[in-house]
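Start at 1 and go down the list; that is how both ligands and their atoms are numbered.
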Amino acid sequence: RVLDAEGNVLVPGIVDCHIHNREPGLEYKEDWESATRAAAAGGVTTVVGMPNTDPVIDRPEHLELKFERGEASAHVDFQSYAVVTSENLELIPEIAEIGPLGFKIFLGSTVGDVPPPNDGEILEAMEKIRETGKRLGFHEENGEIIDHYTERFKAEGRNEPIDHSHSRPVIAEREAVERMLTFAEETGAKIHMFHVSSGSAAEAVARGKSRGVDVTAETTPHYLWFTEDVMREKGNVARVQPPIRNADERERLWDVGIDDGAIDCIATDHAPHTPEEKMVDDPFGNTWDAISGFVGLETEVPAMLTFVDRGRFTLEEWVRRHSTRPAQVWGMYPQKGSLQVGTDADFTVVDPDREWTLEDRTELHSKNCVTPFEGESFTGKAVATVVRGAIVAEKGAVVGDSGYGTRVDVE
Ligand code: NCD
Ligand code: ZN
Ligand code: ZN
């Protein structure tokens, strides 16, 4: 890292391997242009799109379409995952040829209702993906457990969204993690746990690592920042899958995940939805069917810098988890996640002392900006974002061109 005269700090470009850019098909929520505009403004130089779009990214031609759209309009460099369902196991080698960053399986239902493969199909997918050399990531929640508790809570007349984290309980996450670890142990597949929300799941990941499973894991700023009390304050605005957990789970996520190293990567799970979908005008209304997810590309660097400022962890540990490790985990290093490539390097300049409050979500650059971080105060902000030697954003203003961003080649 380099310190400039004004006290700013230059770090390797921030790599966010979990965003929902919504293109193709859900452009009313977000698209490659708007998502990468937010990334640039927020200090993020590489983003990876999730495959729960319309169509879902489950065939070679859908992945090609996703890449073409990104080439046409992205401000920063990008990649994409391809999804595995019970319908496309045979296509895994062909999809891998197109060059996705990795594969993803949604266990249990989440936004987009991508049908989960059954356990036998997951084992088969792991064998096939192992042959491609790529990593397989999971939305790691057991849908049967969630359905059970959701039905029970509805019947009891309990109140969503207050009880959101109980109707999608920690056990649903922990069980899914442990089952996938067992499957990976059997098949030798490389696996990844997206958006780990709880200390319990982080502990399961740690046990897998100690048994020698090639498992990596991610958490997000919102699980480290909030506790489930935020549901009482902000209702549906803070609804996300997996849900935000209680203080004990959050502490263990810090201890086991961050301090002891079970969590490799920080990413946002940037998940834009319209204010109507997020029920911002009635956040505590009848909300069993309200949508989950919120944006994060412009608050992730500030949130993590705030933790650094509070002494929760070091700047170096932050950079490792938000740039170097994600690039290594997904095969993009040292092209990404490093300052070693000279004039072609990606870097982010941050002001670690800058105190500010996100007063109004419309300050953000996404198409839809609902986030529970609205109203939160931070110490730290990105002041410049540089992708392959070109400044794409400066002091929060996007100065680069749409279409400059390009696909990160991982083949
Ligand atoms: C994500 C979305 O909106 O696509 N929502 C969420 O609550 N996390 C889906 C996902 O990441 O599972
Ligand atoms: Zn998910
Ligand atoms: Zn997600």
[X]-[Y] side chain donor-acceptor pair, cut-off 3.5 Å:
| X | Y | value |
| --- | --- | --- |
| Glu218 | His195 | no |
| Lys278 | His273 | no |
| Glu173 | Ser200 | no |

**Item:** Phe78 ring center within less than 6.0 Å of Trp32 ring center
**Value:**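 Trp32 vs Phe78: aromatic centres under 6.0 Å.
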
**Request:** Without swapping roles, check the side chain of Thr36 against the backbone of His75 for a donor-acceptor pair under 3.5 Å.
**Result:**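 A pair under 3.5 Å: yes.
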
**Message:** Just to be sure I understand the cut-off, which residues have at least one non-hydrogen atom under 4.0 angstrom from an atom of ligand 1?
**Reply:**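 Residues within 4.0 Å of ligand 1: His18, His20, Arg22, Asn52, Thr110, Val111, His139, His195, Val240, Gln241, Asp269, Ala271, His273, Ser292, Gly293.
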
**Partner of Phe307 under ring-ring contact (aromatic ring centres under 6.0 Å, His included), chosen from Phe378, Trp254, Trp318** =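 Testing Phe307 for a ring-ring contact (aromatic ring centres under 6.0 Å, His included) against Phe378, Trp254, Trp318 leaves exactly one candidate, Trp254.
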
**Asked** Charged N to carboxylate O under 4.0 angstrom, Glu185 versus Arg211?
**Response**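 Salt bridge flag = yes for Arg211 with Glu185.
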
**Prompt:** Could you go step by step and tell me if Trp225 and Phe373 meet the ring-ring contact (aromatic ring centres under 6.0 Å, His included) rule?
**Reply:** CA-CA 9 Å; Trp225 187 279; Phe373 283 100; 5.5 Å; yes

**Request:** Go through the steps for His139 and Phe194 under the test ring-ring contact (aromatic ring centres under 6.0 Å, His included), then give the verdict.
**Result:** CA-CA 6 Å; His139 176 107; Phe194 290 115; 9.0 Å; no

**Request:** Measure from the Zn ion (ligand 3) to each N, O or S atom of His270 and report whether any distance is below 2.8 Å.
**Result:**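 So His270 does not count as coordinating the Zn ion (ligand 3).
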
**Request:** Determine how many protein N/O/S atoms sit closer than 2.8 Å to the Zn ion (ligand 2), leaving waters out since they are not shown.
**Result:**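 There are 2 of them.
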
**Item:** Distance, nearest 0.5 Å, that separates NZ of Lys128 from OG1 of Thr132
**Value:**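 That separation rounds to 11.5 Å.
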
